[in-house]
Asker: 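My questions all concern the structure below.
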Amino acid sequence: MKRLCILVVACVAALAAARLAITRPAGGHPEPSPAAGGIRFTDVTDATGIRFTHCNGGSGAHFYVETMSAGCAVLDYDGDGWQDALLTQGAALPGFTAAKPLRSALYRNNRDGTFTDVTKGSGLDTSMYAMGIAVGDYDNDGRPDIYITALGGNRLFHNESGSMGRGVDGSVAADSPNSPGPNPKTQAPFFRDVTARARVSAKDMSTSAAWLDYDGDGKLDLFVCRYMDYDVKTNPRCKDFRQRDAYCSPNVYPGTQCMLFRNNGDGTFSDLSKKSGIGTQTGRSLGIACADFNRDGLTDIFVANDLSPNYLFINKGNGTFSEQGAMAGVAYGEAGIARAGMGTDAADYHHDGQFGVLVTNFENEPAALYRNNGDGSFTEESFPSGVGNPTLEYLKWGCKFTDFDLDGWQDIFIANGHVDDRADENGKPQGYSQACQVLRNDGNGAFSDVSGGSGPFFTQEQVARGLAVGDFNNDGKPDVLIASNNGRAILLSNSTQTSNHWVRLTMVGNGCNRDALGTLVTVNANAAKEMQTVHSGGSYLSDHDRRLLFGIGTARSARADVRWPCGALESLDISMDTSVVVKEKDCKLAIGKVVRK
């Protein structure tokens with residue numbers, strides 16, 4: 001009997017040990033001593049006055065859409081040179097009652113480290129199950145407009161702040177084409193919903209979106225990622241392995257097509273999805289990155305898809321695109337199987353003059369890094385680069401290439417969080433809430449996970465989704481805005497201690513679109529070259545500070561070579577640690593090379 005009792009105790013102990021083996025340690029990444037240096041961030045959310053909590057409207061019925069939001073954007077809506085913040089909100093789903101109206105939120109930068117919620121009366125204070133954001137001046141009037149994707153229909157909001165906007169006293173400002181823009185201390189924002197006139201809504205569930213001038217006519221067009229044919233009224237019921245109600249796999253739902261809206265120049269758009277070739281592909285699209293991947297002067301489009309092959313739409317220059325994802329080697333993972341792609345971004349992270357691609361994927365799939373070979377093909381280097389192993393266990397969403405330590409090389413920030421609300425008890429490797437990650441570019445084609453040394457925030461966990469990057473305090477170091485599903489928004493200030501220098505360029509189009517989307521800039525400093533493009537979109541459900549920030553390390557000055565979308569070439573010398581506004585000369589007069597001193 002004694003031996004039997006010992007055996008039973010041993011078995012219980014073994015089971016307990018097995019249970020512990022699949023239970024993750026709490027607390028995110030362990031934090032080493034700050035003396036380790038390197039990239040650092042400080043959570044300044046409470047100090048800034050940002051008080052936003054996302055609500056997914058869930059009632060326990062496990063509607064699939066609950067798992068997908070929220071998005072965010074960094075933008076300068078009032079043109080004062082300081083970046084503001086926009087966060088999308090969910091809506092009540094069947095069985096859920098909200099304690100207060102659910103609205104997306106616009107926060108104005110007060111230029112002193114704090115923000116003010118200016119949503120009320122702005123026109124953005126409307127109810128919708130909002131997902132993603134794309135910011136772009138589609139009518140070239142000098143004010144950034146806002147496109148919000150949503151479940152059941154997207155919205156386009158025309159920025160009339162400083163024009164027909166409402167002042168803080170409730171008055172309507174005079175409409176003046178020469179208005180310098182609103183004074184944030186005297187005038188509130190105003191955005192008019194012009195969706196019906198513009199004809200840019202879309203049914204089902206849209207996710208990320210981006211503005212681009214794909215046909216080079218100087219007017220911004222709109223690309224919309226659509227995820228699936230989905231309606232909460234017909235939401236299927238699925239069970240987990242314990243026969244409890246659970247969220248279904250994406251494979252349960254039919255995919256759908258992305259959309260391309262061409263700007264007609266009169267406030268309206270034409271749906272050219274099928275005619276352009278965009279709408280001929282069916283998948284579950286979540287993330288978008290726009291760049292000139294084959295360096296022919298035209299903007300191409302990469303789309304990250306969930307459990308369906310990724311797209312690479314190559315711009316043919318005649319109003320149509322050719323989908324070349326499989327041929328180029330970016331449609332599938334290394335095993336030839338479609339992964340669960342979420343977010344994406346593109347950058348010249350190798351300094352080889354080509355835009356490589358980053359794709360965030362599901363747990364037990366690496367964040368995929370595809371190197372652009374410059375011949376129409378890509379090579380996946382997720383694991384050789386050091387990106388694969390540290391990201392493997394996480395369920396990854398928003399992502400961004402940015403030079404956080406200003407050494408001249410693009411680092412990576414990734415937002416993580418599960419979709420399974422029972423992930424902790426189901427033994428998932430990182431649980432439901434997960435820590436974010438920072439991967440430092442070592443400058444030799446490899447990345448190092450420096451999350452544990454990047455500040456106390458990385459010992460905490462969120463159910464993160466959207467991620468946007470921008471310099472909120474104009475100190476030359478990029479900060480990070482994170483949107484969490486059913487959780488609070490987070491603003492991280494870049495507190496990296498570095499003597500490295502930087503230059504920042506605000507590109508303003510004249511002959512091309514005013515946002516200068518598609519402009520290619522190469523900065524030369526200390527014999528190193530880094531290429532960036534002005535673009536919309538990237539990450540997941542998010543948009544970013546439109547200014548181009550180049551870290552230049554120990555260089556004392558830099559030279560920028562500019563290729564405007566219309567083909568004009570320009571060069572200019574830039575001093576270190578300065579922000580420069582570069583205005584395009586009239587393309588009709590400036591074809592050729594212009595040198596500025």
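Quick caveat, the model's predicted, so the values are computed rather than measured.
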Asker: What pairs with Phe41 under ring pair (Phe, Tyr, Trp, His ring centres under 6.0 Å), at least two apart in sequence or on another chain?
Answerer: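 With neighbours one apart ignored, the set is Phe404, Phe413.
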Asker: Does the side chain of His62 come within less than 4.5 Å of Asp421's, by heavy atoms?
Answerer: yes
Asker: Quick test of your reading: applying side chain to side chain donor-acceptor pair (under 3.5 Å), list the pairs with at least one residue in residues 88-104, sequence neighbours left out, ordered by first then second residue.
Answerer: none
Asker: Against Asn416, only a single residue in Lys396, Glu393, Glu363, Gln437 fulfils side chain to side chain donor-acceptor pair (under 3.5 Å); can you say which?
Answerer: Gln437
Asker: In chain order, what residues pass the side-chain contact (heavy atoms from CB on, under 4.5 Å) check against Asp141, with sequence neighbours excluded?
Answerer: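 Partners of Asp141 by the side-chain contact (heavy atoms from CB on, under 4.5 Å) criterion, ordered by chain and then number, come out as Asp137, Asp139, Arg143, His158.
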Asker: Sort and list the pairs that fulfil salt bridge (Lys or Arg N to Asp or Glu O under 4.0 Å) and have at least one residue in residues 200-212, not counting sequence neighbours.
Answerer: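 Checked against salt bridge (Lys or Arg N to Asp or Glu O under 4.0 Å) - neighbours excluded - the pairs reaching residues 200-212 are Asp204-Arg226.
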Asker: Does a salt bridge link Glu365 with Arg339, judged by any charged N lying under 4.0 Å from a carboxylate O?
Answerer: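 A salt bridge is absent here (no side-chain N lies under 4.0 Å from a carboxylate O).
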Asker: Between the side chains of Arg546 and Asp543, is the shortest nitrogen-to-carboxylate-oxygen separation below 4.0 Å, so that they form an ion pair?
Answerer: yes
Asker: When you check the side-chain N and O atoms of Asn235 and Tyr230, is any donor under 3.5 Å from an acceptor?
Answerer: yes
Asker: Who passes ring pair (Phe, Tyr, Trp, His ring centres under 6.0 Å) against Tyr129, sequence neighbours left out?
Answerer: none
Asker: Give a yes-or-no answer on whether the side chains of Tyr138 and Asn263 include a donor-acceptor pair shorter than 3.5 Å.
Answerer: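 Tyr138 vs Asn263: no donor-acceptor pair found between side chains.
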Asker: In terms of side-chain geometry, is the basic nitrogen of Arg108 or Asp78 positioned less than 4.0 Å from the acidic oxygen of its partner?
Answerer: no
Asker: Say whether Ser433 and Gln462, considering side chains only, have a donor N or O and an acceptor N or O under 3.5 Å apart.
Answerer: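 No donor-acceptor contact under 3.5 Å links the two side chains.
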Asker: Using the test ring pair (Phe, Tyr, Trp, His ring centres under 6.0 Å), find all partners of Phe191 that sit at least two apart in sequence or belong to another chain.
Answerer: none
Asker: Heavy atoms, side chains only, cut-off 4.5 Å: are Phe472 and Lys477 in contact?
Answerer: no
Asker: Check the SG atoms of Cys238 against those of Cys248: under 2.5 Å or not?
Answerer: yes
Asker: When you check the side-chain N and O atoms of Thr119 and Asp125, is any donor under 3.5 Å from an acceptor?
Answerer: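 No, Asp125 and Thr119 have no side-chain donor paired with an acceptor closer than 3.5 Å.
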Asker: Are any side-chain N or O atoms of Ser539 and backbone N or O atoms of Cys399, one a donor and one an acceptor, separated by less than 3.5 Å?
Answerer: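 Confirmed, Ser539 side chain pairs with Cys399 backbone.
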Asker: If you look only at pairs with a residue in residues 83-103, which of them pass as a ring pair (Phe, Tyr, Trp, His ring centres under 6.0 Å), with sequence neighbours excluded?
Answerer: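 Qualifying pairs: none.
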Asker: Output all residues satisfying side-chain contact (heavy atoms from CB on, under 4.5 Å) with Thr67, sequence neighbours left out; order by chain, then residue number.
Answerer: Tyr64, Tyr247, Val419
Asker: Please name all residues satisfying ring pair (Phe, Tyr, Trp, His ring centres under 6.0 Å) with Phe457, sequence neighbours left out, ordered by chain then number.
Answerer: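 Counting only residues at least two positions away or on another chain, Phe457 forms no ring pair (Phe, Tyr, Trp, His ring centres under 6.0 Å).
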Asker: Inspect the contact between Lys239 and Asp245 and indicate whether a charged nitrogen and a carboxylate oxygen are less than 4.0 angstrom apart.
Answerer: yes
Asker: For Asn264, what residues pass the side-chain contact (heavy atoms from CB on, under 4.5 Å) criterion, not counting sequence neighbours?
Answerer: Arg199, Arg262, Asp266, Thr268, Ser270
Asker: Assess whether a salt bridge exists between Arg504 and Asp545, defined as any Lys/Arg side-chain N lying under 4.0 Å from an Asp/Glu carboxylate O.
Answerer: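 Between Asp545 and Arg504 there is no salt bridge, as every charged N stays at least 4.0 Å from the carboxylate O atoms.
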Asker: Tell me if the centroids of the rings in Tyr214 and Phe223 come within less than 6.0 Å of each other.
Answerer: no
Asker: Which residues pass the salt bridge (Lys or Arg N to Asp or Glu O under 4.0 Å) test with Lys400, not counting sequence neighbours?
Answerer: Asp345
Asker: Are the aromatic rings of Phe52 and Tyr107 close, with centres under 6.0 Å apart?
Answerer: no
Asker: With sequence neighbours left out, what residues match Pro144 under side-chain contact (heavy atoms from CB on, under 4.5 Å)?
Answerer: Val135, Asn159
Asker: Between Glu425 and Arg422 (side chain of the first, backbone of the second, donor and acceptor by atom type, cut-off under 3.5 Å), is there such a pair?
Answerer: no
Asker: Are any of the side-chain heavy atoms of Thr299 and Leu517 separated by less than 4.5 Å?
Answerer: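 Result no, sub-4.5 Å side-chain heavy-atom pair not found.
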